[in-house]
Amino acid sequence: MITAEQLTKRFGSFTAITDVSFEVRTGEIVGFLGPNGAGKSTTMRILAGVFPPSEGRVRVDGHDVVTDSLRARALVGYFPERVSIYLDMTVRHYLTYVAQMKGLSRPAARRDAAEAMASCSLETVADRLIGTLSKGFRQRVGIAQALTGAPRVLILDEPTSGLDPEQVADMRALIRGLRQDRTVILSTHILSEVEATCDRVIIIHRGRVLALDTPANLNRRLRPASQVHLEVRGPGDEVARAVRAVPGVVAVEEHGRRDGVCALTVSSEPDRDLREVLAATVASHGWALRELRPQTLTLEEIFLSLVSAEPERSESDHETVRDLSA
Amino acid sequence: MKLFVICRRELHAYFGSFIAYILLAVFLLLSGYFFYSDLIFFVLFGGFTLATGLWQFVFLDMRMVAMLVLPLVTMRLFAEERKLGTMELLWTYPVRDGEIVLGKFLAAWVFFVAMLVPTALGPLVFHRYHEFAVAPVLAGYLGMLLLGSAFIACGLFVSSLTENQVVSAMVTYGILVLFWFITWNEEAGAHQLMRLLLGVSLFDRFFNFTRGVIDTKDVAFFALFVAFFLFLTWQSLATRSWRGVR
């Protein structure tokens, strides 16, 4: 649905993104992940046709966003990072205007606006001025605005930023509901958001794509070994010794003991599931098994490991990374 | 036509805010007052012809008021959208930059016509008491429309350069006043230069209309002036490709 080939964007001497390539298939939800200033918004603006790339090309359903811009833009609904909508219009009037701008006739635009309001639960505020609405509602008007004109691609730039936790939950539910047959690209610097909503993740840092994969694959690729977290009630040293003796175990790390319970992280060869053998071992010694679970890397850990693999360039870059983990 | 969708939204923005009504009121009060005082002047000291004795002054005065008011009408057209960030969304809709420029121009122009129409009340009432030839007055209004279009095109361009409305208005005043004063030191300038300057002076071009003379050269000049500034505006929107969205 979307093909980006070697996008580079420069503003004067500043290069916002370098050589960004990816492909998004029809019906996918793809998460764009990176710290503030990584180049997410620049990439998304290029996709939405706000400005052309300095180099490279983007096609939306075969239409080049630069040379065939009007047709490409007609397929895309865009939600900007800074939700900027006319504050002096009512919600209904504004959405009708947007639908008309997307090429619908006036009666069709009215119907379309009503549908967009319904899918974003905006009916109760339909005739209020946008300037009088709360931030959460304004964000929703922003989403509704992207939805008008039945776009097949949605590009959402940080749709949950600046919302309170309840509104964030609402917004995520709304986005998941939008999916249907649409292709969605969603940017965020909140990792759990990507984990919760996306099929694939594009990790971008300092204007370059670091990784592009499903959250599960990223997890597998970046994890050095399979790891299992184990808690056993029993004599710590003996437990560790017994576990180490299990075939396939590469390393055992102890996390301490409390009240006769010892916690261990057991690493095994990759793709080898030792949970059943471990359980049997513990049971055969007569110890009590309290916890046994596989450890997966969170996206946060994946992200940090990718970013730290990149050579540091300056102190300020470092700051943004720290920003993200906060 | 998306041009008209944009135009309608702009008009909605104008008439939805009280600033538009203030501008309208000031324009009408001043042009009404000038018409009244010009009429008194004509009655007391008047010459023999209405064209040079009355209408000329009426339209020259109205020109002043238009110059005062129109930069305040055009200042928000792009500057406000840049400030709010709404330009960014506008650029993602399937609409050509040219349609955006023309839609906004048309909206300001319609607003200007809405200011101009009530000023016809004075001449209309006058006509009931004193029959006069209507054609010179129509020529004057045509001149006003052309001059106003030039002001608007210039203001629109300046507005596309900044996100600050005060800057937008002030720079427009600067350009318009320069065009006004450019031929004032006739004696000091070289003859060749003066001919050139007279050629581009908005106000010298306008002068013929105020006396009821429609010269196609003048009409063509205003049309070119407007086209030139609309083109510059269109180019200015394209600069987002290297200067970003703001």
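Atom set for the values below is all heavy atoms of this structure, side chains included, hydrogens, waters and symmetry mates excluded. First the proteins, then the strands, lettered A, B, ... as listed; each starts at 1.
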Report yes if the side chains of [X] and [Y] come closer than 4.5 Å at any heavy-atom pair, otherwise no.
X: L90(B); Y: M101(A); answer: yes
X: E81(B); Y: Y86(A); answer: yes
X: H93(A); Y: R9(B); answer: no

Heavy-atom proximity to chain B below 4.5 Å, by part of [X]:
X: F79(A); answer: neither
X: L87(A); answer: side chain
X: R71(A); answer: neither

Out of V76(A), I155(A), V50(A), which residue meets the side-chain contact (heavy atoms from CB on, under 4.5 Å) rule with T92(B)? V50(A)

Rounded distance (nearest 0.5 Å) linking atom CD of E88(B) with atom CD of E81(A):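 Separation between the atoms: 8.5 Å.
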
Any chance you could measure R10(A), atom CZ, to S241(B), atom OG, to the nearest 0.5 Å?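 Result: 12.5 Å between the selected atoms.
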
Any side-chain to backbone donor/acceptor pair from R73(A) onto W91(B)? Under 3.5 Å, distance only. yes

Indicate yes or no for a side-chain donor-acceptor contact from K2(B) to the backbone of K102(A) under 3.5 Å, with no hydrogens or angles considered.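 The answer is no, because no donor-acceptor pair under 3.5 Å joins these two groups.
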
Can you tell me if [X] has over 12 outside heavy atoms packed within less than 6.0 Å of its [atom1]?
X: F228(B); atom1: CZ; answer: no
X: Q6(A); atom1: CD; answer: no
X: W234(B); atom1: CH2; answer: no
X: F15(B); atom1: CZ; answer: yes

Any side-chain donor-acceptor pair under 3.5 Å between Y93(B) and Q145(A)?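 Yes, a side-chain donor-acceptor pair sits under 3.5 Å.
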
Heavy-atom pairs under 4.5 Å with chain B - which of G12(A), G49(A), A74(A) has more of them than the others? A74(A)

Any idea which of P80(A), G142(A), P52(A) has the most non-hydrogen atom pairs under 4.5 angstrom with chain B?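 Result: the option with the highest number of such pairs is P80(A).
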
Between L89(B) and S84(A), the two heavy atoms sitting closest are CD1-O, 3.5 Å

Per-residue contact mode, R96(B) against chain A (heavy atom under 4.5 angstrom):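 Contact with chain A involves both backbone and side-chain atoms of R96(B).
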
